[in-house]
Amino acid sequence: MKLLKSIILCGLGAAVISLSSCDDMLTKSERTKFELGPEFWSNANQVASYSNVLYENYTGYGTGGGAGWFYFKSLSDDQVNPSFDNWMFTTVPGTSTYWSTPYTEIRRCNYMLTGLQSSTLAEGEKSYYIAVGRLNRAWQYYQLVRMYGDVNMIDEVILDPEAQSDVVYGPRTDRDVVMDFVLEDLNYAVQNLGAGGKNSWSKDMALAMKSDICLFEGTYCKYRTVEDNGKAADATRAQKFLNECVDASQQLMNSGKYSLTANYGEVYNSLDLSKSSEVIFFRNYVKDQLMHSTADYTASSSQQRGISKDAVDAFLFLDGKPLATTAYNTDDHPVLDPTNNAYSIQGMLANRDKRLSVLLDPYLCFKGHGWVRSNSMLMTSSTGYNIAKYDNTAMEVDYRINTGKNYTDAPIYWLAVIYLNYAEAKAELGTINQTDLDASVNKLQARAGLPAMSLTPAADPANNMGVSDLLWEIRRTRRCELMADNWYRYWDLVRWHKLDLLDSQAHPNINRGAFLAGVADLDETFNLDADGYVIPVSTLRTFDKKYYLCPIPSNQITLSKGATSQNPGW
């Protein structure tokens, strides 16, 4: 039986969770009633139960019928939502859980950190739980900063929001200061967390988080602009965080604890990731106890958020060359398979990066012409390209094709991500060599059936990011390896200062799907472009520089009485 970290508190431990929201505070008498004293924080079991609630913040595949961070985060150039994904916000909201939920969790962490100061736990045990609190506080501030930029930084417990309103609703702190604070918390966690399981707090989990966060911060600071982000690029700051990313990544790569699985895709549909050599930290699901819906939405969807033509075209051919220069056959037209009356793309997949064959079904499925994967329901896709990699056909049918009944585990941090972070950070620093490539992304290339990447790859005419050929290829590898995974692509475009690539008017291939011209039974409602490729949605998405930062909810500005300013353009 798989180990499930407890996320349910009982008795007094449960009561304190209701204290955690600054937007819905208890009265002073109620707070006193549930105040946790030194006895609570000196009991290791109670502190463990309190801290285990934080595990819920790692979304993974979501819970029940809720949307997780895989597949559902489709605002990108990789997927096309048939319901249309506009920008995260197009108007200023009155309230937003993107703002309030992190502060709820920050307060939970601060309450824990304050309580532990009076604890009589052994020093090592106390340091461990302080590290857990600081690790999770870092995670929440990172979420806030990448969305909003400058944010209110609170490192104390707010018991009375009226008396402490100058703290709760004070002016926002410079985002660079907040991210320095995040790094301090991460470093403390790395130093004070020891070995642990793959779904518990550990030094390796903290290193993986540090690798991710420092790559974001380093590249964001390298490419940001005053006009679009409110702050100029900072080469010194970028170098600092990129070096921190390299260091964290190297520690994991050199630990000898992790290795790539033999087949790409195994980490996405496993029933037990505790046994995976590639996984560092995962979200655990248990049959009939804690389940999700990600597999269901990709095994029985009436209209999947399909993969775009732009994304498919990003995958290299088996000679290691892109669409524009390969010697392989580039024909991507489907062929009708009379045995099942389905349109096959197996010929196209046979010539490409092996990851594409894991990502996609071998047959197109579209409105009016569905397709059934092994023991699944009839499926269609907005683009014709159907996502397959999150489905596990060995799972009982009832548990695959019903909402809230999937129990495959979700990876949160895994070795492939660390390899990608390491190679990119080294390339951005200008210190990468062939040995670095061979120790990281070339292991991913080999698993994908592709030739090794060199320091001087040939130019790709599709390079539209204004970076070197090497960085373009490293970014390509990242895109193909992590397609539709863990909300990575959107935030990659933000930190590379390339969010304008989500403008579907300027970049029409992100709103294109499979070639469907000449399909005899094509639904008459389909719209094809002049070349015969499906146009999945009729609405265009246009870029504005204000989208680099999300709008501060208007209630926060009102409550602050002007102390909190709105982001530019909103």
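One-based numbering along the sequence shown. Below, each value reflects all heavy atoms present in this structure, side chains not excepted, and no hydrogens, waters or symmetry copies.
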Across all chains, not counting sequence neighbours, the ring pair (Phe, Tyr, Trp, His ring centres under 6.0 Å) partners of H497 are Y548
Residues in ring pair (Phe, Tyr, Trp, His ring centres under 6.0 Å) contact with F72, at least two apart in sequence or another chain: Y297
Who passes ring pair (Phe, Tyr, Trp, His ring centres under 6.0 Å) against F216, sequence neighbours left out? Y142, Y220
Which salt bridge (Lys or Arg N to Asp or Glu O under 4.0 Å) pairs, counting each pair once, include a residue from residues 80-90, with sequence neighbours left out? none
Please enumerate all residues that pass side-chain contact (heavy atoms from CB on, under 4.5 Å) together with N192, with sequence neighbours excluded. S127, A131, Y188
Y71: what forms a ring pair (Phe, Tyr, Trp, His ring centres under 6.0 Å) with it, not counting sequence neighbours? none
Heavy-atom nearest pair, F282 first then P411, reads CB-CA, 4.1 Å
According to side-chain contact (heavy atoms from CB on, under 4.5 Å), who are the partners of T97, at least two apart in sequence or on a separate chain? S100, T101
Check ion pair K257-D204 (N to O, under 4.0 angstrom): yes
In terms of side-chain geometry, is the basic nitrogen of D77 or R489 positioned less than 4.0 Å from the acidic oxygen of its partner? yes
Charged N-O contact under 4.0 Å between K231 and D234: no
Could you tell me whether the side chains of D485 and Y390 share a donor-acceptor contact shorter than 3.5 Å? yes
Would the distance check show the side chain of S270 and the main-chain N or O of V267 forming a donor-acceptor pair, the cut-off being under 3.5 Å? no
Please determine if R479 and D310 form a salt bridge, counting it only when a charged side-chain N lies under 4.0 Å from a carboxylate O. yes
Are R478 and Y488 in a cation-pi contact, defined as NZ or CZ under 6.0 Å from the six-membered ring centre and within 45° of the axis? yes
Determine the interplanar angle of the Y61 and H292 rings, folded into 0 to 90°, and report it as parallel if under 30°, tilted if 30 to 60°, perpendicular if over 60°. tilted
Under a 3.5 Å cutoff, is there a donor and acceptor pairing between the side chains of T408 and N269? no
Salt bridge or not for D78 and R305, using N-O below 4.0 Å? no
Can you name the salt bridge (Lys or Arg N to Asp or Glu O under 4.0 Å) partners of D212, sequence neighbours left out? none
Kindly write out the residues that satisfy side-chain contact (heavy atoms from CB on, under 4.5 Å) with K73, not counting sequence neighbours, or none if the list is empty. W69, Y98, W487
Contacts of type salt bridge (Lys or Arg N to Asp or Glu O under 4.0 Å), residue R175, not counting sequence neighbours: E217
State which residues pass side-chain contact (heavy atoms from CB on, under 4.5 Å) with D319; sequence neighbours excluded, sorted by chain then number. F317, K321, T326, A327, Y328
I'd like to know if E266 pairs up with K275 as an ion pair, taking the criterion as any Lys NZ or Arg NE/NH1/NH2 lying under 4.0 Å from an Asp or Glu carboxylate oxygen. no
Crowding at NZ, K426 (>12 non-hydrogen neighbours, <6.0 Å): yes
Who are the side-chain hydrogen bond (donor to acceptor under 3.5 Å, both in side chains) partners of K222, not counting sequence neighbours? E428
Students often mix this up, so state it plainly: with edges at 30° and 60°, are the rings of Y264 and Y268 parallel, tilted or perpendicular? perpendicular
